[in-house]
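A note on names: the letters A, B, ... follow the listed sequences, proteins ahead of strands, and every chain is numbered from 1.
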Amino acid sequence: MARDVNQALAREFGLSAGEYRNVLEIMGRTPSLTELGVFSVMWSEHCSYKSSRVWLKQLPTKAPWVIHGPGENAGVVDIGEGLAAIFKMESHNHPSFIEPYQGAATGVGGILRDVFTMGARPIANLNALRFGDPKLARTRRIFDGVVRGIGGYGNCVGVPTVGGEIDFHPAYNGNPLVNAMTVGIADKTKIFLSAAAGIGNPVVYVGSKTGRDGIHGATMASAEFGADSEEKRPTVQVGDPFVEKLLIEACLELMATDAIVAIQDMGAAGLTSSSVEMAGKGGVGIELNLDHVPQRETDMTAYEMMLSESQERMLMVLRPDRQDIARAIFEKWELDFAVIGHLTDTGRIVITHNGQVEADIPLAPLADQAPLYHRPTEETPPQPPLGPVADPVGLGAALRTLIACPDLCSRRWVWEQYDYTIGGQTVMRPGAADAAIVKLDGRSRALALTTDCTPRYVQADPEAGGAQAVAEAWRNITATGALPLAITDNMNFANPEKPRIMGQFAAAIRGMAAACIALDFPVVSGNVSLYNETEGKPILPTPAIGGLGVLEDAAQAVGYALAPGLDLVLIGTTQGWLGQSLWLREVTGREAGPPPPVDLAAERRHGDFVRGEILAGRIAACHDLADGGALIALAEMALAGDTGITVEPGGDAAIWFGEDQGRYILATADSAGLLGRAAAAGVPAQRIGASGGALLTLPDGDTISLAELRRLHEAFLPGWMDGAS
Amino acid sequence: MKAVVTVMLKAGVLDPQGKAIGQALAGLGFSGVGEVRAGKVIEIELTGTDPEAAKTQAEEMARKLLANTVIESFRVEVA
Amino acid sequence: MKAVVTVMLKAGVLDPQGKAIGQALAGLGFSGVGEVRAGKVIEIELTGTDPEAAKTQAEEMARKLLANTVIESFRVEVA
Amino acid sequence: MKAGIIVFPGINRERDMAIALERSAGKKPRMVWHRETDLSDLDLVVIPGGFSYGDYLRCGAMAAQSPIMAAIRGHAARGGHVLGVCNGFQILTEAGLLPGALLRNQGLRFLAMDCHLRVERADTDFTRHYQRGEVFRAPMAHGDGNYFADDATLDLLEGEGRVIFRYATPSGEVTPAANRNGSARNIAGIASANLRVLGLMPHPEDLVDPLMGGEDGKPLFDSITAALAA
Ligand SMILES: Nc1ncnc2c1ncn2[C@@H]1O[C@H](COP(=O)(O)OP(=O)(O)O)[C@@H](O)[C@H]1O
Ligand SMILES: [Mg+2]
């Protein structure tokens with residue numbers, strides 16, 4: 001190996017001077033290149049959570065229905081009937097900026113593996129996406145690639161993509177966010193974990209071969225890969241969804257036997273993190289002989305194999321007497337299967353290659369002495385109150401603007417590229433309800449799934465915004481009639497070394513934690529993505545929430561498509577909160593004021609009441625109020641059901657476009673009964689209109705036809721993408 | 001004049017399609033098949049008459065649109 | 001030895017991809033662009049040493065698998 | 001009726017198909033791994049949707065070359081019934097069991113949406129529970145569903161009454177707007193000369209339950225179940 005290991009190289013590998021000193025102390029000597037590589041990836045922000053760990057601890061993670069919280073490949077909750085839902089969300093932001101199609105595709109592949117590695121058959125994918133200013137050609141190219149990539153991978157593996165969310169903001173110009181979520185189902189007594197056990201047990205590699213994918217370019221800048229100045233190797237990984245599909249089927253087939261002791265996907269930092277974590281969690285040692293690693297390229301070094309991020313690979317510890325059964329299954333699915341090592345009692349990871357020991361590291365200090373930072377934080381100062389705002393345009397014009405704007409327009413163009421019916425269990429498709437409803441095959445039970453975050457609120461007030469993101473996920477699930485059970489999160493923030501950013505993170509966690517506790521909605525898995533900024537420009541703080549709820553009977557689910565002849569009742573309190581609202585931004589051009597406060601007690605009371613009414617079969621349609629406020633929610637209900645609405649007269653822009661939280665619109669044949677029960681439950685409710693006809697009649701008497709509304713709503717994305725290549 | 005732009009994944013980049021084709025060929029009983037790589041070819045009719053200019057133009061097309069130079073390389077022939 | 005199989009849609013089969021590329025090139029400001037056709041190229045490493053035999057083998061591969069002769073035509077080069 | 005569903009690597013709608021068949025026939029179809037060679041126990045062979053071999057090279061191309069196709073050909077030659085849906089349709093055309101080919105969708109994008117199909121013949125074993133001219137809804141989910149054949153073949157298919165389904169508006173008009181993938185003459189499904197091999201792009205198997213939005217696809221499975229009741 002041509003390069004000397006020293007502090008300069010350690011810095012190139014991303015280790016600070018202090019961290020490198022720590023490495024020297026643990027090793028008691030200068031580490032080899034491979035050893036330094038192992039330390040650098042295990043102690044990276046991505047694997048060690050060194051900046052975020054102290055804060056993540058504040059999230060509530062327990063509830064009677066939580067089977068496994070954070071710490072495993074994905075979170076596991078009991079959903080009844082002996083079944084568990086396994087789910088997690090993960091980011092692929094940076095790769096998606098460099099190569100949108102492959103970045104997004106491999107993001108989907110990675111999160112799928114985190115879920116099926118635990119024994120679950122994936123039944124749904126969702127995503128949470130943020131893009132820059134749509135006026136930029138680059139934004140369009142990234143958007144196109146990301147959508148194609150998510151579809152390309154998800155459609156091929158045959159997991160329906162049933163939901164997601166998309167926002168645009170110039171803060172994401174140089175740093176889009178691609179967060180992907182997978183939900184799977186398993187027998188709750190057959191969950192597979194990653195802690196290795198059984199000294200002498202074989203360590204088995206399955207899936208695709210290893211290439212030099214994703215090994216970081218900076219660490220490659222030397223002569224060691226051949227004298228000729230070959231074209232700079234891309235650090236982009238290419239996904240193979242076909243192999244992933246085979247891997248899912250082969251793993252599930254093997255999981256039906258008793259062959260597996262422990263299993264983990266090879267995600268970020270591939271072979272390194274999977275082997276170190278499996279051995280570390282099991283408190284055993286591990287010895288790997290890299291000669292046996294299936295390789296796609298020639299002359300790979302130990303360093304390269306340990307750091308490769310080639311996709312579609314898994315690492316397992318097997319019962320030795322079941323090795324042949326396992327091999328036969330993987331051969332049937334035409335996947336590589338190789339015994340590459342075994343467990344030892346040394347507490348060390350030992351890596352050999354070509355008869356040479358390339359690394360020999362004690363595992364305990366690698367984990368226990370991983371860096372942990374209490375980085376300085378600085379609170380975001382509160383936004384000054386908004387004060388009085390004049391309405392420059394009136395209700396009709398504002399509705400026409402908002403319903404067509406990039407953040408509120410129809411996402412049909414996107415979801416029509418995602419297979420959302422495969423599996424034959426999709427009860428509520430994209431565009432039909434506040435959460436997607438996916439039934440469990442052969443049962444009446446169903447899951448309600450959603451992703452949510454309002455980054456402009458988090459930017460203005462990280463704590464309120466963090467609480468709002470959790471509350472909105474809870475509300476979206478509730479609005480279908482389902483009982484919210486748990487969340488996964490994806491904390492996307494900028495550079496944590498800046499106190500203001502770290503302060504955003506800490507405050508968002510505070511807000512999230514408060515909401516999780518108040519709503520009985522614990523965090524069972526998640527991901528942290530930091531350093532999301534380009535040229536010093538940070539993204540909006542974006543703690544994306546993936547929520548999961550359960551419905552005992554899928555037939556009880558309601559969507560927001562409206563039928564004629566119903567009364568519309570607004571649940572919740574409307575003050576007319578315009579701070580950080582889309583009306584303020586799109587109509588007056590201002591991003592100002594504090595975001596709407598979340599009253600968690602009211603949120604819970606209103607939601608529990610709404611769910612009760614839905615499950616009692618008294619509600620024909622329900623929609624939560626979010627971006628754009630009441631009039632936007634009404635317009636969306638009208639469009640989804642192709643049914644007009646006459647809205648009650650009175651009220652101004654603040655009333656109709658304000659974004660007060662904790663609100664729902666219910667469609668019912670019996671508003672008197674509903675109002676009575678709401679009053680009895682202490683839940684604010686008022687009748688705000690009735691459905692029928694083909695017009696939306698606004699509170700000021702202005703009308704707009706559904707046809708025009710639909711044209712406006714559906715225009716932006718197809719128009720914007722027309723001619724995109 | 002016609003420019004033919006051939007776009008292939010760069011060396012070292014996983015080529016799932018080429019891999020699958022290689023396996024299928026072996027399955028069909030073809031022997032002696034080594035690595036298979038799959039790529040795209042784009043044939044462009046050009047009105048110009050100067051082959052050098054056509055080549056330069058096609059190369060620019062490849063860089064700007066036809067190839068994703070993050071993971072793909074290309075070559076241009078003019079006939 | 002390497003066989004390069006180029007597969008193009010037959011004349012008369014609509015090529016929406018070629019058309020879209022043509023439009024995108026025009027949109028990027030390239031002038032003098034006529035018809036654009038998009039096809040596939042498959043490069044196959046072969047262990048044999050006889051170019052004639054390699055060509056025959058690659059042609060058979062194309063007929064059997066690489067091209068669908070209902071819609072596509074192919075050409076083989078050996079290098 | 002004994003039905004079998006062929007599972008090629010990368011196929012992914014086999015379970016959807018099994019659900020639909022079981023709903024109509026009352027019993028589970030047999031899952032047939034692509035390396036099996038004996039289909040003699042089956043009345044109906046189904047090639048379901050998915051991405052066999054990743055849809056690499058051309059959709060269905062590699063599956064069409066696999067050894068089990070000989071058994072499927074034999075089954076068809078004996079007058080057995082074969083149903084190919086989506087990737088299954090692509091495989092049947094690639095294997096030459098049905099004429100034509102499925103090209104990339106005209107808009108070059110994957111299309112996941114409900115479409116409406118007009119039933120052109122209600123006197124086949126697959127369509128008896130529909131009325132001729134009836135329109136039903138079916139989800140489609142494909143990137144390469146643009147049916148192509150040369151004019152002579154198209155004329156032959158029309159002349160022999162082998163066009164079974166066409167993309168149409170909900171009221172049954174066969175218009176360009178209803179033909180999102182750009183198929184020749186709005187063709188969504190065709191049959192062999194003996195009408196026993198049927199291929200179609202959309203997914204009737206994903207609409208057999210009111211909970212999922214309707215039972216529009218069920219008559220197809222009821223039809224073949226009744227035809228093959230023994
Ligand atoms: N923001 C978060 N909230 C809750 N749990 C988290 C968060 N970030 C990470 N985790 C948990 O930390 C563990 C390690 O995550 P990660 O490194 O992303 O796993 P993997 O390597 O499988 O992708 C997982 O159990 C994950 O759920
Ligand atoms: Mg994992």
Side-chain angles (χ1 to χ4, degrees), chain A residues 95-103 105-106 109 137 141 145 148-149 152-153 156 207-215 217 220 225-226 228 230-246 295-300 304 308-313 334-336 723-725, chain B residues 2-47 54-77:
Chain A
S96 301
F97 180 61
I98 298 176
E99 211 311 273
Y101 184 99
Q102 292 298 341
T106 52
R141 211 162 52 238
R148 283 183 193 271
Y153 206 100
C156 184
S208 277
K209 294 190 191 335
T210 295
R212 293 189 174 95
D213 314 79
I215 304 169
M220 301 284 99
F225 300 109
D228 60 325
E230 60 174 299
E231 55 190 6
K232 193 164 171 276
R233 191 179 303 110
T235 57
V236 175
Q237 309 133 40
V238 169
D240 186 344
F242 170 55
V243 167
E244 180 101 337
K245 169 68 176 165
L246 303 184
Q295 293 160 48
R296 195 177 82 230
E297 299 185 66
T298 50
D299 302 325
M300 291 189 69
E304 290 171 326
S308 162
E309 295 193 349
S310 290
Q311 301 289 295
E312 292 94 21
R313 303 178 300 160
E334 297 174 39
L335 294 165
D336 273 294
S725 54
Chain B
K2 188 154 88 177
V4 179
V5 181
T6 305
V7 180
M8 304 293 293
L9 287 166
K10 288 182 181 170
V13 175
L14 175 70
D15 177 5
Q17 181 158 231
K19 199 179 91 187
I21 293 170
Q23 284 170 353
L25 289 173
L28 282 173
F30 288 103
S31 61
V33 177
E35 201 190 2
V36 177
R37 306 281 291 173
K40 290 178 286 204
V41 54
I42 299 110
E43 300 186 353
I44 307 162
E45 293 289 349
L46 293 169
T47 51
K55 185 156 190 202
T56 311
Q57 196 188 22
E59 280 168 356
E60 203 186 327
M61 291 173 177
R63 259 190 304 273
K64 276 203 172 160
L65 181 74
L66 306 177
N68 174 357
T69 51
V70 177
I71 51 174
E72 294 170 331
S73 57
F74 61 88
R75 61 174 184 267
V76 172
E77 282 142 288

Trainee: Relative to chain B, which segment of Gln102(A) carries a heavy atom at a distance below 4.5 Å: side chain, backbone, both, or neither?
Mentor: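 Contact with chain B is through the side chain of Gln102(A) alone.
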Trainee: Which distance, rounded to the nearest 0.5 Å, do you find between the OG1 of Thr69(B) and the CD of Glu99(A)?
Mentor: 9.5 Å
Trainee: Between Val13(B) and Gln237(A), is any pair of side-chain heavy atoms under 4.5 Å apart?
Mentor: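 The answer is no; the side chains never approach within 4.5 Å.
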Trainee: Grab the two heavy atoms, one from Lys19(B) and one from Ser208(A), that are nearest each other, plus how far apart they are.
Mentor: NZ-OG, 4.0 Å
Trainee: Minimum heavy-atom separation for Pro16(B) and Gly239(A), please, with both atom names.
Mentor: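 Minimum heavy-atom separation between Pro16(B) and Gly239(A): CG-O, 3.7 Å.
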Trainee: Working to the nearest 0.5 Å, report the span between CD1 of Ile71(B) and CG of Asp213(A).
Mentor: 11.0 Å
Trainee: Is Ser310(A) in contact with chain B via its backbone, its side chain, both, or neither, using a 4.5 Å heavy-atom distance?
Mentor: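 Neither part; nothing is under 4.5 Å.
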Trainee: Evaluate Lys209(A) against Leu14(B) for side chain to side chain contact (heavy atoms under 4.5 Å, CB included), listing each step before the verdict.
Mentor: CA-CA 10 Å; Lys209(A) 294 190 191 335; Leu14(B) 175 70; over 6 Å; no
